[in-house]
Amino acid sequence: MGYQAHFRVWRGDADSGGLHDYTVEVNEGEVVLDILHRLQATQCPDLAVRWNCKAGKCGSCSAEVNGRPRLTCMTRMSTFTEDETVTVTPMRTFPVIKDLVCDVSYNYVKAREVPAFRPPEGVAPGEYRMQQVDVQRSQEFRKCIECFLCQNVCHVIRDHEENKEAFSGPRYLIRVAELEMHPLDSHEQAGGNRAEEARDEHGLGLCNITKCCTDVCPEHIRITDNALIPLKERVADRRYDPILRFFRRKEG
Ligand code: SF4
Ligand code: F3S
Ligand code: FES
């Protein structure tokens, strides 16, 4: 049975904005994005909403619903009681363009700062061989749909605009972790060091393992346990390895 829901939606642009109240029809099985589309169709045709697949796979429809970062296409209206006000606001960490649409270009800048996978020397594509366990480990990270909900929720940049320069955020630290754990990546042979780059160039040290990123990931990637903590351990291993320290001291 359908009912009339009370929606509160943030409307505005980079200069100003505020919450607007709407009463809108909800039918059985609908998700928050359906209701936003009904609002567009019936009451506010200029409401800006980003979306694409409506199947939880494109990562476009991210917003905050009752304060929690979510994919609106995967948030069922049955999550809320019929008399509950459903408040939809844009992701707070990124600048608003219009209504629920943010400028997420910070993420693309950070993506470009991670050096690409470097294939092993002398091995042609098609001849790459790696253990199934290594395939599975990186496959978890490759499930990322780039919804940026983890980037949005991480307090390191959510509450500190000034950290954006130094911190790449959980999404790009898992990319570094994936490549660091890739047995065929030859970035190190070419003089790089992914773990140290995570610390020095992507701000790994600013992450204090609050795990909020893991809590909101719609792909259930265990960002903190499987990427960030192992990356921190690898940085510590290299830094405090007694043999490496001995040689470093001799070199110094
Ligand atoms: Fe979204 Fe998860 Fe990828 Fe972060 S790691 S961008 S939360 S899918
Ligand atoms: Fe931020 Fe996730 Fe670390 S929320 S502080 S990157 S564990
Ligand atoms: Fe594609 Fe929601 S519309 S993830």
Side-chain angles (χ1 to χ4, degrees), residues 30-38 40 47-65 67-77 79 88 90-94 99-102 104-111 114 137-164 166-179 181 198-199 201-235:
E30 288 184 329
V31 294
V32 169
L33 185 60
D34 289 318
I35 311 309
L36 295 172
H37 284 162
R38 183 163 297 123
Q40 277 182 326
L47 173 66
V49 181
R50 187 181 275 143
W51 69 286
N52 194 331
C53 69
K54 208 166 174 282
K57 286 298 161 215
C58 73
S60 309
C61 65
S62 302
E64 301 190 6
V65 183
R68 188 177 164 84
R70 287 175 177 275
L71 296 179
T72 56
C73 76
M74 298 302 283
T75 306
R76 290 193 171 279
M77 283 305 296
T79 316
V88 189
M91 288 191 284
R92 204 181 87 193
T93 299
F94 309 115
D99 302 336
L100 300 177
V101 174
C102 300
V104 293
S105 53
Y106 157 81
N107 299 286
Y108 305 128
V109 171
K110 296 300 172 185
V114 180
R137 186 157 54 181
S138 60
Q139 232 157 23
E140 179 189 12
F141 304 140
R142 295 191 74 84
K143 285 192 305 178
C144 173
I145 58 170
E146 300 218 299
C147 65
F148 307 133
L149 290 176
C150 60
Q151 303 283 87
N152 174 51
V153 82
C154 177
H155 69 99
V156 174
I157 46 177
R158 187 177 174 91
D159 300 330
H160 302 277
E161 183 67 28
E162 70 279 9
N163 284 341
K164 281 187 176 168
F167 189 60
S168 295
R171 193 279 168 262
Y172 296 102
L173 286 166
I174 66 171
R175 174 71 179 143
V176 176
E178 178 201 334
L179 292 166
M181 294 174 197
R199 181 194 62 200
E201 287 158 38
H202 302 288
L204 179 65
L206 289 168
C207 160
N208 56 351
I209 317 183
T210 55
K211 296 197 177 189
C212 311
C213 50
T214 304
D215 288 347
V216 299
C217 178
E219 286 295 317
H220 307 293
I221 300 170
R222 296 180 65 201
I223 301 170
T224 322
D225 289 351
N226 290 352
L228 302 177
I229 293 173
L231 213 42
K232 282 174 178 281
E233 285 169 350
R234 284 173 186 230
V235 170

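Whatever order the structure lists them in is the order used to number ligands and atoms, beginning at 1.
- Residue-level proximity to ligand 1 for Glu146 is carried by the backbone, the only part with a heavy atom below 4.0 angstrom.
- Listed by atom number, the atoms of ligand 3 under 4.0 Å from Asn52 heavy atoms are 3 (S).
- Short contacts between ligand 3 and Gly56, defined as distances under 4.0 Å to a heavy atom of the residue, involve ligand atoms 4 (S).
- In this structure, the protein non-hydrogen atom closest to atom 4 (S) of ligand 3 is Gly59 N, 3.3 Å.
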Could you check Glu64 against Arg158 for salt bridge (charged side-chain N to carboxylate O under 4.0 Å, His left out), going step by step and ending with a plain yes or no? CA-CA 13 Å; Glu64 301 190 6; Arg158 187 177 174 91; 2.8 Å; yes
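- The minimum heavy-atom distance between Ala55 and Met74, with the atom names listed, is C-SD, 3.9 Å.
- For ligand 3, the atoms closer than 4.0 angstrom to any heavy atom of Cys53 are 1 (Fe), 3 (S), 4 (S).
- Atoms of ligand 3 lying under 4.0 Å from any heavy atom of Cys61, numbered from 1 in the order shown and given with element: 2 (Fe), 3 (S), 4 (S).
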Report the C-alpha distance between Ile223 and Cys217 in whole Å, list the side-chain angles of each, state the deciding distance to 0.1 Å, and finish with yes or no for side-chain contact (heavy atoms from CB on, under 4.5 Å). CA-CA 8 Å; Ile223 301 170; Cys217 178; 4.1 Å; yes
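- When Leu228, Ile229, Leu231 are each tested for a side-chain contact (heavy atoms from CB on, under 4.5 Å) with Cys207, only one passes: Leu228.
- Considering all non-hydrogen atoms of both residues, Ala48 and Asp99 come closest at N-OD2, 2.8 Å.
- Gln40 contributes a side-chain N or O that, together with a main-chain N or O of Leu47, makes up a donor-acceptor pair within less than 3.5 Å.
- No donor-acceptor contact under 3.5 angstrom links the side chains of Asn107 and Glu146, judged on distance only.
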Can Lys110 and Glu201 be said to form a salt bridge (charged side-chain N to carboxylate O under 4.0 Å, His left out), step by step? CA-CA 10 Å; Lys110 296 300 172 185; Glu201 287 158 38; over 6 Å; no
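- Counting non-hydrogen atoms of neighbouring residues, nucleotides and ligands closer than 6.0 angstrom, the CZ atom of Arg222 reaches no more than 12 such neighbours.
- To the nearest 0.5 Å, atom CD of residue Glu219 and atom CG of residue Leu149 are 11.0 Å apart.
- Using modelled atom types, one finds no donor on one side chain facing an acceptor on the other under 3.5 Å when comparing Ser60 with Asn52.
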Run the numbers on Arg76 and Glu30 for salt bridge (charged side-chain N to carboxylate O under 4.0 Å, His left out), then give the verdict. CA-CA 6 Å; Arg76 290 193 171 279; Glu30 288 184 329; over 6 Å; no
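- Which parts of ligand 2 touch Asn208 is read off a 4.0 Å heavy-atom cut-off, strictly below it: atoms 5 (S).
- The proximity of Met74 to ligand 3, defined as any non-hydrogen pair under 4.0 Å, does not occur for either the backbone or the side chain.
- Protein N/O/S atoms found under 2.8 Å from atom 2 (Fe) of ligand 2, listed by chain and residue number: Cys213 SG.
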Step-by-step salt bridge (charged side-chain N to carboxylate O under 4.0 Å, His left out) determination, Lys143 to Glu140: CA-CA 6 Å; Lys143 285 192 305 178; Glu140 179 189 12; 5.7 Å; no
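- Protein N/O/S atoms closer to atom 2 (Fe) of ligand 1 than 2.8 Å number 1 in this structure.
- Ranking protein heavy atoms by distance to atom 3 (S) of ligand 3, first place goes to Lys54 N, 3.1 Å.
- Taking the six-membered ring where the residue is Trp, Phe148 and Tyr108 present perpendicular rings, their angle passing 60° and hence far from 30°.
- For atom 6 (S) of ligand 1, the closest non-hydrogen atom on the protein side is Phe148 N, 3.3 Å.
- Taking every non-hydrogen atom of Lys57 and a distance limit under 4.0 Å, the qualifying atoms of ligand 3 come out as 4 (S).
- Close contacts between ligand 3 and Cys58 involve ligand atoms 1 (Fe), 3 (S), 4 (S) [criterion: under 4.0 Å to a heavy atom].
- Gln151 contributes a side-chain N or O that, together with a main-chain N or O of Ser168, makes up a donor-acceptor pair within less than 3.5 Å.
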